[in-house]
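Comments concern the structure below.
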Amino acid sequence: MVEYGGFVTIAVVPGSFDPMTLGHVDLVSRARTLADEVIVAVAKNSSKTGLLTLDERVKIAEDAVQDIDNVRVGVVPGLLVDFCSANGAEILVKGIRHGGDLDAEIAMSYMNRHLSGIETLFLVADPQYTHIASSLVKDVSRYGGTINDMVTPLAVTLVREAWARQRTPKENGA
Ligand code: PNS
């Protein structure tokens, strides 16, 4: 892998990470080739209904990136741009798998740049991860499919437990 060390000091990789996938982990590790330090920023996306609690999302993210040096996980309590300012972050890094991602991401990047001037750098997803999306992983798990090759073992367990606690009496066969 090419090292671009020193391009920026602190980069933020934001997301709802519900849950963090292996595609996200790859993105974080590639962001680390560009920045001396990467902060994984776990935030709420108000247009999505979450499955995992904030605590679970953070635990999964911390566990998933533990072997990548100079990466830490933070919680975004409000606006992402405020989190970036408070942490001295100079750039946002997001992954793009296809045109649908670009449509959503470009709107957020315009807004974040409008709010604080921060730039967003888009990295094209590695082809081996383009089929992986947190929403699809949750759906596969919900109906008993295997997600072991798309998320970490901790995520497998916590997603499975989350569905078990959410399951309605109807889905339980009652
Ligand atoms: O993984 P996602 O759901 O695509 O990530 C979107 C996220 C969580 C990064 C975005 O919704 C966000 O930044 N939320 C924090 C609140 C905020 O700053 N909203 C304005 C974004 S332009």
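Note that ligands are numbered from 1 as they come in the structure, with each ligand's atoms numbered from 1 the same way. Note: hydrogens, waters and symmetry copies are ignored here, and every other heavy atom, side chains too, is used.
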(message) Just to be sure I understand the cut-off, which residues have at least one non-hydrogen atom under 4.0 angstrom from an atom of ligand 1?
(response)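 Near ligand 1, by chain and number: Pro14, Gly15, Ser16, Ala43, Lys44, Asn45, Lys48, Gly78, Leu79, Leu80, Lys94, Glu105, Met108, Met111, Asn112.
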
(request) Say whether Asn45 and Ser47, considering side chains only, have a donor N or O and an acceptor N or O under 3.5 Å apart. (result)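 There is such a pair (donor and acceptor under 3.5 Å, judged by atom type) between the side chains of Asn45 and Ser47.
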
Any salt bridge between [X] and [Y], counting N to O under 4.0 Å?
X: Asp55; Y: Lys59; answer: yes
X: Asp18; Y: Lys48; answer: no
X: Glu56; Y: Arg165; answer: yes
X: Arg32; Y: Asp69; answer: yes
X: Arg72; Y: Glu37; answer: yes

